[in-house]
Amino acid sequence: MRNEKTKSHLTNIPDPASDISRVEHTTVLLREAVDFLAPRSGGVYLDGTLGGGGHAEEILKRSAPDGVLIGLDQDGAAVARSRERLAGYGERAVIRQENFRDVTRVLADLGIDALDGVLLDLGLSWFHLRDPERGFSFQTEGPLDMRMNADSSTTAADLVNTLPRQELARILFQYGEEKRANAIAKAIERARGRGPITSTVQLAQIVSSVFPPYPPRRIHPATLTFQALRIAVNDEMDALREGLSAAVTVLRPRGRIAIISFHSLEDRIVKQAYVEHAKGCICPPRLPVCRCEKKADLTILTRRPVMASEAEVAGNPASRSAKLRAAEKV
């Protein structure tokens, strides 16, 4: 069960669909994230989550005249947008449709042995929410899809309609931190017994039926369920762990990594990974000399996460839950 501290954290989770009509796509923590990378001419940098290309373009501007930006995104639409936006930078912008978890292979294919900086901006973009056909928003009618990569085989509808109730409940609790996970899974099981669950609004109504009609909430009742299913469909947590570990390995000494997360699960993984990489010898204190030979390979630059300013949140409500953590390769 969730304690009061966790419950209060949930009030900071954005209701992304409600922000669609209020803002255009705006790059979150643009200046702060790129400041930590400190791009320079001649450097080689990775934006592992291109999205709208805002961070990538800022890195290219600051690393002029000959810095190189490798941009990855598993979403083909994001790759197309970024290629158009960054076309003026010519060969300095190298863009591929890839998941950032595969950065080691991508660099090998490009003949690049190390990076001077890595940026990851996790989670959904405004473009995902705006398109009903992608199935990410519970406030617009669309197919229950949620795939970041349209070529992936598994959709949210597949999970909702085929997984055992216990596995559904586990996903909702683990990835959504949803305290009503069991009740929601039971409601889904009952509903799919009457016929397939195929649309976003249909699922949102099923989830909402589990909640009493009062009191008013900061977030829609389906927010955490949609978050959990999206994470499961795209294997986001394992991708983050693998990509983060690979990124640290391919950083040059003094190279930097900056990661922007939007919910507690992502932020926890990033924080714990930084701490582990910043840790040296782990031998028992009683040993007179180190036997493990473990050495720290990161220095943490943000003891506390950097948050969006009041001005940025006012102009872009989706930024209110963003947390930026940065570290430097030893």
Side-chain angles (χ1 to χ4, degrees), residues 1-4 6-22 123-126 128-148 152 154-237 262-266 317-318 320-321:
M1 295 298 291
R2 189 178 292 127
N3 59 29
E4 288 303 313
T6 308
K7 289 164 83 172
S8 66
H9 167 77
L10 290 181
T11 63
N12 294 320
I13 294 177
D15 183 353
S18 67
D19 291 332
I20 304 175
S21 61
R22 289 190 285 158
L124 284 173
S125 75
W126 175 80
H128 291 129
L129 292 168
R130 184 184 64 172
D131 184 357
E133 292 302 310
R134 302 298 298 271
F136 289 105
S137 173
F138 44 74
Q139 291 193 348
T140 55
E141 182 74 39
L144 200 54
D145 193 316
M146 301 193 196
R147 291 174 297 174
M148 298 283 193
S152 298
T154 302
T155 67
D158 294 329
L159 301 186
V160 165
N161 288 293
T162 65
L163 288 181
R165 174 172 54 82
Q166 295 86 347
E167 179 63 10
L168 265 178
R170 182 194 67 80
I171 287 173
L172 299 185
F173 183 77
Q174 181 177 344
Y175 295 147
E177 298 181 300
E178 173 56 77
K179 64 181 179 179
R180 294 177 182 263
N182 287 320
I184 293 171
K186 289 179 182 177
I188 290 173
E189 186 177 52
R190 287 193 300 270
R192 72 190 187 189
R194 299 187 292 270
I197 302 169
T198 59
S199 82
T200 52
V201 171
Q202 183 185 7
L203 177 60
Q205 290 172 344
I206 294 167
V207 175
S208 297
S209 71
V210 173
F211 292 77
Y214 55 85
R217 298 179 184 85
R218 287 277 308 273
I219 63 172
H220 190 283
T223 301
L224 300 180
T225 293
F226 271 62
Q227 171 186 298
L229 290 172
R230 188 202 80 224
I231 289 172
V233 166
N234 297 287
D235 194 23
E236 292 179 27
M237 297 300 102
F262 288 85
H263 58 74
S264 59
L265 298 176
E266 293 171 338
R320 63 181 175 265
S321 60

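Heads up: numbering here begins at 1 and tracks the sequence.
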**Request:** With sequence neighbours excluded, tell me which residues meet side chain to side chain contact (heavy atoms under 4.5 Å, CB included) with D158.
**Result:** T154, T155

**Item:** Closest approach of G176 to A228 (non-hydrogen atoms, all atoms of both residues)
**Value:** N-CB, 3.5 Å

**Message:** Is any side-chain heavy atom of M237 closer than 4.5 Å to one of E266?
**Reply:** yes

**Message:** When you compare the side chain of T140 with that of D131, does any pair of heavy atoms fall below 4.5 Å?
**Reply:** no

**Message:** Under a 4.0 Å threshold between the charged nitrogen and the carboxylate oxygen, would E189 count as salt-bridged to K186?
**Reply:** no

**Prompt:** How about S321 and H263: do any of their side-chain heavy atoms sit closer than 4.5 Å?
**Reply:** no

**Request:** Could you tell me the separation between the CG atom of L124 and the CZ atom of F136, rounded to the nearest 0.5 Å?
**Result:** 5.5 Å

**Nearest-0.5 Å distance that lies between atom CD1 in I231 and atom CD in Q174** = 9.5 Å

**Prompt:** Do the non-hydrogen side-chain atoms of Q205 and S208 ever get within less than 4.5 Å of each other?
**Reply:** no

**Request:** Specify the closest pair of heavy atoms between A191 and I197, including all atoms of both residues, with the distance to one decimal.
**Result:** CB-CD1, 4.1 Å

**Prompt:** Does the R134 side chain pair with the main chain of M148, one donor and one acceptor, at a distance under 3.5 Å?
**Reply:** yes

**Complete:** CG (L172) and NZ (K179) are apart, to the nearest 0.5 Å, by 15.0 Å

**Prompt:** Would you say the side chain of T200 lies within less than 4.5 Å of the side chain of F226, judging by non-hydrogen atoms?
**Reply:** yes

**Prompt:** Does N161 use its side chain to pair, donor to acceptor, with the backbone of P196 at less than 3.5 Å?
**Reply:** no

**Asked** Do any N or O atoms from the side chain of R147 and from the backbone of N234 form a donor-acceptor pair under 3.5 angstrom?
**Response** no

**Message:** Quick one: does any side-chain atom of E141 pair with a main-chain N or O of S199 as donor and acceptor, under 3.5 Å?
**Reply:** no

**Asked** What distance do T225 atom OG1 and I206 atom CD1 have between them, rounded to the nearest 0.5 Å?
**Response** 10.5 Å

**Prompt:** Do L144 and F138 come within less than 4.5 Å of each other through their side chains, counting heavy atoms only?
**Reply:** no

**Request:** Using salt bridge (Lys or Arg N to Asp or Glu O under 4.0 Å) as the criterion, list what pairs up with E236, not counting sequence neighbours.
**Result:** R230

**Request:** Can you see which heavy atom on V233 is nearest to which on M146, and at what distance?
**Result:** CG1-O, 3.7 Å

**Prompt:** With side chains defined as the heavy atoms from C-beta onward, is the minimum distance between E178 and I184 less than 4.5 Å?
**Reply:** yes

**Request:** Hey, could you give me the OH/CG distance between Y175 and L224, rounded to the nearest 0.5 Å?
**Result:** 15.5 Å

**Asked** Nearest 0.5 Å, what's the CG-CG distance between L229 and D145?
**Response** 12.0 Å

